[in-house]
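Worksheet: one structure, shown below.
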Number of protein chains: 2
Amino acid sequence: MNETGGPIVPFNNRDPVYLQVVRHFKVEIATGKLTAGQVIPSRRELAALMNINPNTAQKAYKEMEDQLLIVTEGNSPSRVTTDERILGVVREELISEAVDAFVASVRLIGVPVDELLHVVKRKYETMHSQHKEAES
Amino acid sequence: MNETGGPIVPFNNRDPVYLQVVRHFKVEIATGKLTAGQVIPSRRELAALMNINPNTAQKAYKEMEDQLLIVTEGNSPSRVTTDERILGVVREELISEAVDAFVASVRLIGVPVDELLHVVKRKYETMHSQHKEAES
DNA sequence: GTGTGTGTACTATGTAGTTCATACACCAAT
DNA sequence: ATTGGTGTATGAACTACATAGTACACACAC
């Protein structure tokens, strides 16, 4: 599998790869696996790791630099920003974006709040247990 | 506005237009605005209504026929299927798809269920009140 | 029959977005 | 200075989608 050169990492095909890479790093930051000032792989290293094109990695890093998530001085390896104010909102941003998209998609259907919350809770716990099973 | 020939209806630009048209009809069905056996506009009428290309309308209708949502006999106008089993699951499908996508997007972040439900509820009620304001 | 409207099918074109291939400038170590 | 590693820039290639244009077969009304 993956002889075709496609990405290894859990990528869907609806969203651009470079944005999914950005999201991947945001999750790493939000969950504390990446901390302030920590060095991240070079463009080419990341490309090899994720089996994507170096330019795609570059585009993702460029996007993260525009969002002030990472910093790059000269040609030393890029690092996660040390600005705690920025890091602190990453988690909330991720959650908020997901919730916004979700609510927007069900708004027109007119689902009662109670039913909605119930379905979410059920699905969430189901996936969580499946996740645990997969790891064991 | 819309002199350019773009769609009038609330379409985003990430998803293909024809799929958003399909979704539009599914919502109409789910909310009871479209009922079993009801006649829907012809391809050319819909194209004029939504300000899209007739081929895009055709593609949407073709997709709905493949999903057995509508039926077309000869060249009489297409109608919503009378199969209640199919109509009955449209609403649940819409909700389930939205929930699946949502849960998948937040799963990696590891948000506690309680926090998640709280944020959803807050956002949902906010949007709902805004919706009411916009209508008044 | 004529005309109009239906669904359907096919090709071609334009466009936007993504990814790829390549090249360049810089720095550091050997 | 040469080699190998950075980050960076640019243009080509490719894909998906929407659109335009045209055509055909059918049915119903006049």
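Predicted, not measured: the structure shown is a model, and the values here were computed from it. Below, read A as the first sequence line, B as the second, and so on, with proteins coming before strands; counting in each chain starts at 1.
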Does a distance-only test, which skips hydrogens and angles, find a donor-acceptor pair under 3.5 Å between the side chain of A:N55 and the base of D:dG11?
-> no

Side-chain N or O of A:N53 closer than 4.0 Å to phosphate OP1/OP2 of C:dT19 = no

Nearest to the side chain of A:T56 - C:dT8, C:dT19, D:dT6?
-> C:dT19

Given D:dT6, is OP1 or OP2 found less than 4.0 Å from the side-chain N or O atoms of A:S42?
-> yes

Mind calculating the distance between CZ (B:R79) and C1' (C:dG7) to the nearest angstrom?
-> 14 Å

Take atom CD of B:Q20 and atom P of D:dC17, then tell me their distance rounded to the nearest Å.
-> 12 Å

Taking atom types as modelled, find out whether B:T35 and B:Q38 have a side-chain donor-acceptor pair closer than 3.5 angstrom.
-> yes

Provide, to the nearest angstrom, the distance between the OH atom belonging to A:Y61 and the P atom belonging to D:dT8.
-> 11 Å

Would you kindly give the CZ-to-P distance between B:R43 and D:dG21, to the nearest whole Å?
-> 21 Å

Please work out if A:K62 contacts a base, only the sugar-phosphate, or nothing of the nucleic acid, heavy-atom cut-off 4.0 Å.
-> nothing

Could you give the CG-to-P distance, from A:D15 to D:dA16, as a whole number of Å?
-> 16 Å

Which of these passes side chain to side chain donor-acceptor pair (under 3.5 Å) with A:N53: A:T56, A:N55, A:N51?
-> A:N55

Does atom CD of B:E73 have more than 12 heavy-atom neighbours, drawn from other residues, nucleotides or ligands, at distances under 6.0 Å?
-> no

Contact class for A:Y18 (heavy atom, under 4.0 Å): base, sugar-phosphate, or nothing?
-> sugar-phosphate

Take the protein atom CZ of B:R14 and the nucleotide atom C1' of D:dC17, then report the distance between them rounded to whole Å.
-> 13 Å

Aromatic ring pairing A:Y61/A:F25, orientation class (parallel under 30°, perpendicular over 60°, tilted between) = perpendicular

Strictly by modelled atom types, are A:R43 and A:S78 linked by a side-chain donor-acceptor pair under 3.5 Å?
-> yes

Side-chain donor-acceptor pair under 3.5 Å between A:T72 and A:R79, yes or no?
-> no

Close side-chain approach of A:K62 to A:D66, heavy-atom, < 4.5 Å | yes

Could you tell me the separation between the CG atom of B:D66 and the P atom of C:dT8, rounded to a whole number of Å?
-> 10 Å

At under 4.0 Å between heavy atoms, what does B:E45 touch on the DNA or RNA strands: base, sugar-phosphate, or nothing?
-> sugar-phosphate

Reading nucleotides 23-30 of chain D from 5' to 3' and marking B where a protein heavy atom lies under 4.0 Å of the base, S where only the sugar-phosphate is that close, and - otherwise, the string is B--BS---

Whole angstrom value for the distance that separates P of C:dA21 from NZ of A:K59 | 16 Å

Nucleotide nearest A:Q58 (side chain, heavy atoms from C-beta), chosen from C:dC20, D:dT8, C:dT8 = D:dT8

Looking for any heavy atom pair under 4.0 Å, which part of the strands does B:E73 touch: base, sugar-phosphate only, or nothing?
-> nothing

